[in-house]
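Okay, so here's the structure we're looking at.
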Amino acid sequence: MINFSHSRLMQKYTSVSRKNNVRALISGGGIGGPVLAYWLSKGGIDCTIVERSNELRLEGQIVDIRSSAVEVVRKMGLEDAIRSKTTGDEGGLFVDQNNRTRATFPVDPEGGQGFICDIEIMRGVLATIFYDATKDTVNWKFGDYITSFKEFSDKCTVEFQHAPPQDYDIVIAADGWSSKLRTMGLHLTSNDDYIKSLNQYFAYFSIPREDQDGTMSRWCNIPGGLAMILRPDRNQTTHTYLDITYPKHPDLIDRDRFRKLDRSQQMAILRETFRDVGWEAPRILDAMESSTDFYMHETVQVKLDRWSSEHGRFAVLGDAGYATPGMGTSNAILGGYTLAANILLHLDETASSSSLIKAMQGYEDDLRPIVTKTQQLPPGFLSIIHPQTQWGINLLHGVVGFVSWLGVAKLFEKYFVQEPEPLKSYS
């Protein structure tokens with residue numbers, strides 16, 4: 001991670017950017033976009049976030065903050081606020097279909113970087129904290145989105161669905177792994193060419209909490225590459241995940257067919273798939289019907305050859321550039337910080353294209369090795385934790401149970417959890 005001299009860089013670019021009215025537009029008000037806007041606005045850059053939703057999007061699953069991203073939120077002065085709003089999850093249990101515990105992995109009190117880390121928080125809660133940290137210094141525009149983007153050597157011209165066209169010095173796509181702005185900004189022929197399927201779909205929704213949900217997440221594997229995960233939080237809610245790995249349903253094999261499914265059709269697939277599998281499935285499927293936060297997605301990675309445009313005035317951030325299941329939130333936070341650091345370091349007094357090209361190259365040089373590492377899943381990772389057969393589940397339970405019994409979870413977790421990256425200092 002980059003550790004830059006905050007006061008020196010901010011003092012330098014506050015005077016430069018205000019004098020020259022440098023303007024940055026960020027598409028997407030989720031996680032990475034507000035982090036970037038926070039740091040750029042600290043440097044005096046005039047930042048606007050355009051968000052398609054009419055208001056801040058509060059839905060979404062539990063996310064975690066790991067590795068160097070923890071240091072970023074600490075530098076933002078938000079660590080205490082974030083920790084005060086965590087779910088309170090105390091660890092993870094592997095259970096069988098009869099709810100017998102096969103392995104226990106409590107949160108590591110020293111560093112908290114295991115299967116369940118010490119900062120587990122609802123995505124909407126985290127987004128709200130970042131919004132509150134930027135609402136007074138960043139221009140937030142809700143209910144609009146970019147329909148056209150053109151980059152020139154000296155500016156970017158952007159057209160919106162509702163607002164009149166405007167020019168900006170910098171435009172950033174931070175609008176998720178299915179970003180359309182990414183295609184426009186990088187002149188890609190097809191989004192799908194850069195989206196790598198991990199052969200898995202998952203559904204998320206919340207259900208009322210019951211006594212058996214306890215204070216630890218429960219993971220139950222089902223033959224056929226299925227898994228049901230129940231994760232409690234402090235607010236009498238249990239968050240549910242239904243995983244389908246290497247799906248056989250025709251609407252899940254074909255991405256284009258899945259995109260055409262509405263909510264009721266997606267739920268019908270889940271009912272058909274999980275109807276007779278036992279454990280908590282009847283309760284989960286009954287509560288699914290009345291859930292207000294249901295969504296279902298394919299699990300993917302985004303892998304691009306480059307993250308920025310010819311003139312350095314456009315770049316991708318977070319899932320739009322490098323979606324990474326398991327590390328997406330942390331990479332977005334770290335990405336926003338890294339991109340801001342490089343812009344503030346290299347931006348010259350005229351916000352020239354040459355200075356921004358250097359900034360974007362620095363962004364890639366600093367962050368791509370980290371992203372590449374986090375996207376390198378261990379061999380057979382999904383198959384290992386989502387066995388297709390009962391024999392495979394028994395083997396998984398045997399291994400995790402033995403590791404849990406020995407009390408050497410840290411050694412086992414190193415196979416699945418990335419080690420924190422060291423800080424990098426700018427001179």
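Computed over heavy atoms, backbone and side chain alike; hydrogens, waters and symmetry mates excluded.
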Next on the checklist: Let's go through Thr87 and Glu120 carefully: what are the C-alpha distance in whole Å and the side-chain angles of both, what is the deciding distance for side chain to side chain donor-acceptor pair (under 3.5 Å) to 0.1 Å, and is it a yes or a no?
Outcome noted: CA-CA 6 Å; Thr87 63; Glu120 302 273 346; 5.7 Å; no

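- Contact check for Val138 versus Pro34: no side-chain heavy atoms found under the 4.5 Å cut-off.
- Trp39 and Ala340 get closest at one heavy-atom pair: CB-CB, 3.4 Å.
- Side-chain contact between Met122 and Ile62: present, with at least one pair of heavy atoms (C-beta onward) separated by less than 4.5 Å.
- Between Trp140 and Phe142, the two ring planes are parallel [angle under 30°; tilted spans 30° to 60°].
- When each of Phe381, Phe202, Trp219 is paired with His386, the ring pair (Phe, Tyr, Trp, His ring centres under 6.0 Å) condition holds for Trp219 and for no other.
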Next on the checklist: Could you walk me through whether Tyr194 and Val316 satisfy the side chain to side chain contact (heavy atoms under 4.5 Å, CB included) test, starting with their C-alpha distance in whole Å, then the side-chain angles of each, then the deciding distance to 0.1 Å, before giving a yes or no?
Outcome noted: CA-CA 13 Å; Tyr194 304 91; Val316 290; over 6 Å; no

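- When atom types are taken as modelled, the side chain of Asn199 and the backbone of Thr245 share no donor-acceptor pair closer than 3.5 angstrom.
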Checklist entry - Hey, mind stepping through Thr237 and Asn235 against side chain to side chain donor-acceptor pair (under 3.5 Å) and telling me if it holds? => result CA-CA 5 Å; Thr237 300; Asn235 300 316; over 6 Å; no

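- Ring geometry for His162 versus Tyr145: interplanar angle over 60°, hence perpendicular rather than tilted (30 to 60°).
- Asp293 places a side-chain N or O within 3.5 Å of a backbone atom of Ser206 that can act as its donor or acceptor partner.
- Within the 3.5 Å criterion, the main-chain N or O of Glu59 finds no donor-acceptor partner in the side chain of Arg57.
- Using a 4.0 Å cut-off between a side-chain N of Lys or Arg and a carboxylate O of Asp or Glu, Asp213 and Arg218 qualify as a salt bridge.
- Side-chain atoms of Asp169 come within 3.5 Å of backbone atoms of Arg23 as a donor-acceptor pair (strictly under, hydrogens ignored).
- For the ring pair (Phe, Tyr, Trp, His ring centres under 6.0 Å) criterion with Tyr295, the lone passing option out of Tyr204, Tyr201, Tyr241 is Tyr204.
- In this structure, Ser352 contributes its side chain and Thr350 its backbone to no donor-acceptor pair below 3.5 Å.
- Using modelled atom types and a 3.5 Å distance limit, the side chains of Thr238 and Glu210 yield no donor-acceptor pair.
- A salt bridge links Asp118 with Arg83; the closest basic N to acidic carboxylate O contact falls under 4.0 Å.
- Side chain of Ser353 to main chain of His311: a donor-acceptor pair is present (N/O by atom type, distance under 3.5 Å, no hydrogens or angles).
- Under the 3.5 Å distance criterion, the side-chain polar atoms of Asp175 are left unmatched by any main-chain donor or acceptor of Ala320.
- The salt bridge (Lys or Arg N to Asp or Glu O under 4.0 Å) check on Arg368 picks up Glu364, with sequence neighbours excluded.
- Side-chain atoms of Glu151 come within 3.5 Å of backbone atoms of Arg313 as a donor-acceptor pair (strictly under, hydrogens ignored).
- Taking the charged nitrogens against the carboxylate oxygens, Arg259 and Asp256 do have a contact shorter than 4.0 Å, which makes a salt bridge.
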Checklist entry - Do Arg234 and Thr86 pass the side chain to side chain donor-acceptor pair (under 3.5 Å) test, and can you show the C-alpha distance, the side-chain angles, and the key distance before you say yes or no? => result CA-CA 8 Å; Arg234 305 177 193 268; Thr86 57; 3.2 Å; yes

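- In this structure, the side chains of Tyr363 and Ile343 stay at 4.5 Å or more apart for every pair of heavy atoms.
- Panel note: side chain Ser53, backbone Glu51; no donor-acceptor pair is recorded below 3.5 Å.
- With hydrogens and angles ignored, the 3.5 Å screen pairs a side-chain donor or acceptor of Arg209 with a backbone N or O of Gly214.
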